[in-house]
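Only one structure is covered here, and it is reproduced in the block below.
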There are 2 protein chains.
Amino acid sequence: MDAIDRKILSLLQENAKLNTKEIAEKVGLTLSPTFERIKKLEQQQYIKGYVALVDGGMLGRSITVFCQISLFKHSKELIENFKKEVGSLPEIISCHHVSGNYDFLLKVAVSNMNEYQNFVVEKLSVIQGISNMQSSFVMEEIKNENGWVW
Amino acid sequence: MDAIDRKILSLLQENAKLNTKEIAEKVGLTLSPTFERIKKLEQQQYIKGYVALVDGGMLGRSITVFCQISLFKHSKELIENFKKEVGSLPEIISCHHVSGNYDFLLKVAVSNMNEYQNFVVEKLSVIQGISNMQSSFVMEEIKNENGWVW
DNA sequence: ATCCATAACAGAAATTTTTTCGTTTTTTAA
DNA sequence: TTAAAAAACGAAAAAATTTCTGTTATGGAT
């Protein structure tokens, strides 16, 4: 893992459709060593996978909400249960267990308010152990990198 | 945009390395129409791009923090300035302008506490207009989909 | 029922990309 | 300084993808 490897990661996390030749040019190597480096980065799992970025808005998934969740108490049982439920709800884009004023931060995406209400009332609030919930509606996405290399 | 297109999006957002042949099999079409559909989805920007998912932890980017930011007042000038500054800070993975108890939610990734302190003191707090800041450290990432199709 | 437009099909050709391999260069350590 | 290891190189092959045909099927509208 040297500077060239990082450069390769940085390029691929921007645009995974770059082919080996193009990457080779950009990092200043020829095809073969570049190819070997990429394969190695994949094998070693520096690269976890390749995905297409889909425009949620174009599919009508236009409302995004961040929900702060607090549990009654921090028992292992409640936490494990909460994690399990989160995994099964497709409306939940991301979920982080955090320290601080609340316990979990959810990012939720739905098509409309009705769907959001339904999500909260029927799916989220029925999870046991939740003591408090606070929603912040996203008005604008200013930045959303998926990159970790720069 | 029909059910087959959505299936294609769903497959590609999981794994962009699937080739046309494999996708064709999974959606029950042959190569040519599948190929045309994918190209169309790209042209119409349902697919915004293809990226490699890089393991931040393996690169030492091991601390993730969510920061809630409040501004003194919601003037256009302050907001525009804040957005501009956010764009130039690579530690900020994402930034959303939200409604509710605070104005902006940042996701920040750094290598260690020292770097975080430096980020807060030297880069974030110097942005004009910030009245309040609250940090929540991520203890566990329970879910982090980049998908919008299911 | 028939026509039209759209979508799917099958196959082949052209192009590009990936992969491999032997050789050369560079780096590292003794 | 020299020997061993690692990395880079260049070229060729193998494989896969893209692109292009012309044909057939499907679905709606008249």
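Worth knowing before you read on, the calculation uses all heavy atoms, side chains too, and leaves out hydrogens, waters and symmetry mates. The chains referred to below are lettered A, B, ... by the order of the sequence lines, with proteins before strands, and numbering in each begins at 1.
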Measure the distance from [atom1] on [X] to [atom2] on [N] and round it to the nearest whole Å.
| X | N | atom1 | atom2 | result |
| --- | --- | --- | --- | --- |
| Lys17(B) | dT18(C) | NZ | C1' | 10 Å |
| Lys40(A) | dT19(C) | NZ | P | 17 Å |
| Glu42(A) | dT18(C) | CD | P | 10 Å |
| Ile4(A) | dT27(C) | CD1 | P | 11 Å |
| Tyr50(B) | dT17(D) | OH | P | 13 Å |

Check: Counting distance only, does the side-chain N/O of Lys40(A) pair as donor-acceptor with the main-chain N or O of Phe35(A) below 3.5 Å?
Finding: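 No, the answer is negative, given that no donor and acceptor are paired below the 3.5 Å cut-off.
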Notebook entry, point to check: Is the shortest side-chain N/O distance from Asn19(B) to OP1 or OP2 of dT17(D) below 4.0 Å?
Noted result: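 Yes, within the criterion.
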Notebook entry, point to check: Does the side chain of Lys39(A) get closer than 4.0 angstrom to OP1 or OP2 of dT19(C) through an N or O atom?
Noted result: yes
Next item on the list: Please determine which of His74(B), Gln68(B), His96(B), His97(B) meets the side-chain hydrogen bond (donor to acceptor under 3.5 Å, both in side chains) test together with Asp103(B).
Entry: His74(B)
Next item on the list: Return the minimal non-hydrogen interatomic distance between Lys17(B) and Glu22(B), and the atom names on each side.
Entry: O-OE1, 4.2 Å
Item checked: Beyond-backbone contact of Leu106(B) with Phe66(B), side-chain heavy atoms, under 4.5 angstrom -> no
Margin query: Near DNA chain D, counting only heavy atoms under 4.0 Å, which residues of residues 22-38 of chain A show up?
Written below: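 The stretch gives Leu29(A), Thr30(A), Ser32(A), Pro33(A), Arg37(A) as the residues lying under 4.0 Å from the strand, ordered by number.
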Checklist line | Pairing of Lys83(B) and Glu140(A) as salt bridge, 4.0 angstrom limit | finding: yes
Next item on the list: Say whether Tyr50(A) and Glu14(B), considering side chains only, have a donor N or O and an acceptor N or O under 3.5 Å apart.
Entry: no
